[in-house]
Protein chains: 2
Amino acid sequence: MMSKSLHDCGEKRCIDDACLHNLKANIPDEDTVIDIAETFQLLSDPTRVKLVYVLAEGGELCVHHIATILSMSQSAVSHQLRQLRNMRLVKTRREAQHVYYSLSDAHIMQLFNQCLEHVCE
Amino acid sequence: MMSKSLHDCGEKRCIDDACLHNLKANIPDEDTVIDIAETFQLLSDPTRVKLVYVLAEGGELCVHHIATILSMSQSAVSHQLRQLRNMRLVKTRREAQHVYYSLSDAHIMQLFNQCLEHVCE
DNA sequence: TGCACGAATGAACAATTATTCATATAAGCA
DNA sequence: TGCTTATATGAATAATTGTTCATTCGTGCA
């Protein structure tokens, strides 16, 4: 007797066990999934969306300027910038007392712009 | 006397008040920023990343199959699917007792694939 | 050295979130 | 009608997150 499907819904459209197994096996490994989630997580907060936007527009900016532009406390901005820094989304350059932040590459802006298109349609 | 810069760091590189004001003025309006953040938020969780991936690979799947593939409870899957549904990222089709979920458009996969490229490099 | 300024950080708190459990709805079938 | 299966949902809970406050670190300057 053939093994019973875990969930036999009795329709041709329904996929079989082999197919289920395949789908499960092809999911990217947990580390990759988490990397993807963490990357999207970076842009999942309005403050960080603005941060990225402002850095894209303004080029290199120091923390105090960013805080002024966004009308936020230096501390709040600094905490958020750290997240972007930890994920290598921004890079920093110290010059005297100032620390200048800028986007580390264009990738993030591709994602950002594509999303902007999506929400604007 | 000229108005003093909010934060005069005494370097040529430093932007002036007009520039600060411009950057602030050009930030997309709050609704757009929130839309962007919410869109990224949808893919900011490992479970939803897998959900989207599986729907992209498997086409149309019913809740029970998805739960089986992801080794998750039906309830947990259903709760997460609701979020994707609320944001119109997936669409549903009922057929008898089953509800089939599928991605509503290709946009989300463009975002997804671009991010996958990014984390895989 | 001592002071001032810009930036980073730890602790605390409120708000949000993902999951579980229990239950409700919806459809097919006896 | 009652029973079973598939799905949805509300309440509860644990975990995570964003901001504030207080403090510390790093640098330049008198």
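Computed over heavy atoms, backbone and side chain alike; hydrogens, waters and symmetry mates excluded.
As rounded to whole Å, 14 Å separates atom P of D:dT17 from atom CG of A:Leu84. The CD-P distance, from B:Glu95 to C:dA26, rounds to 19 Å in whole Å. In this structure, B:Asn86 places its CG atom 12 Å from C1' of D:dT9, rounding to the nearest Å.
Contact of the A:Arg85 side chain with the A:Tyr101 side chain is registered, since non-hydrogen atoms from C-beta on lie closer than 4.5 Å. Proximity of B:His98 to B:Tyr100: side-chain heavy atoms (C-beta onward) are separated by under 4.5 Å at one or more points.
Listed nucleotides D:dG28, D:dT19, C:dA18 differ in distance to B:Arg48; the shortest reach to its side chain belongs to C:dA18. Residue B:Gln80 has its side chain nearest to C:dA18 when only C:dA18, C:dA8, D:dT7 are considered. In this structure, of D:dT19, C:dA27, C:dG6, it is C:dG6 that holds the atom nearest to the side chain of A:His98.
If you run side chain to side chain contact (heavy atoms under 4.5 Å, CB included) between A:Val99 and each of A:Arg94, A:His64, A:Arg93, only A:Arg94 comes through. For the side chain to side chain contact (heavy atoms under 4.5 Å, CB included) criterion with B:Cys115, the lone passing option out of A:Leu43, A:Thr39, A:Ile108 is A:Thr39.
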Please assess A:Leu51 against A:Leu81 for the test side chain to side chain contact (heavy atoms under 4.5 Å, CB included), listing each intermediate value before the final yes or no.
-> CA-CA 8 Å; A:Leu51 271 178; A:Leu81 282 172; 4.1 Å; yes

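In this model, the phosphate group of D:dA8 is approached by a side-chain N or O of B:Tyr101 to a distance below 4.0 Å at OP1 or OP2. Checking the phosphate oxygens (OP1, OP2) of D:dA6, no side-chain nitrogen or oxygen of B:Arg94 falls inside 4.0 Å. Of the side-chain N and O atoms in B:Gln83, one or more sit less than 4.0 angstrom from OP1 or OP2 of C:dA18.
Residue pairs that meet the side-chain hydrogen bond (donor to acceptor under 3.5 Å, both in side chains) test with at least one member in residues 47-58 of chain B, sequence neighbours left out, are A:Glu30-B:Lys50, B:Arg48-B:Gln80, B:Arg48-B:Gln83.
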Strictly under 3.5 Å: I want the nitrogen or oxygen pairs between protein and nucleotides 13-16 of chain C, one per line.
none

Could you go through nucleotides 9-11 of chain C and list every protein N or O atom that sits under 3.5 Å from one of its N or O atoms, giving the distance for each pair?
from   : atom 1 : to      : atom 2 : distance (Å)
C:dT9  : O4     : A:Ser75 : OG     : 2.7
C:dG10 : O6     : A:His79 : NE2    : 2.9

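B:Asp29 and B:Thr32 share a side-chain donor-acceptor pair at under 3.5 Å.
Each of A:Asp45 and A:Gln97 was matched to the nucleotide of DNA chain D holding its nearest heavy atom; the match closer to the 5' end belongs to A:Asp45.
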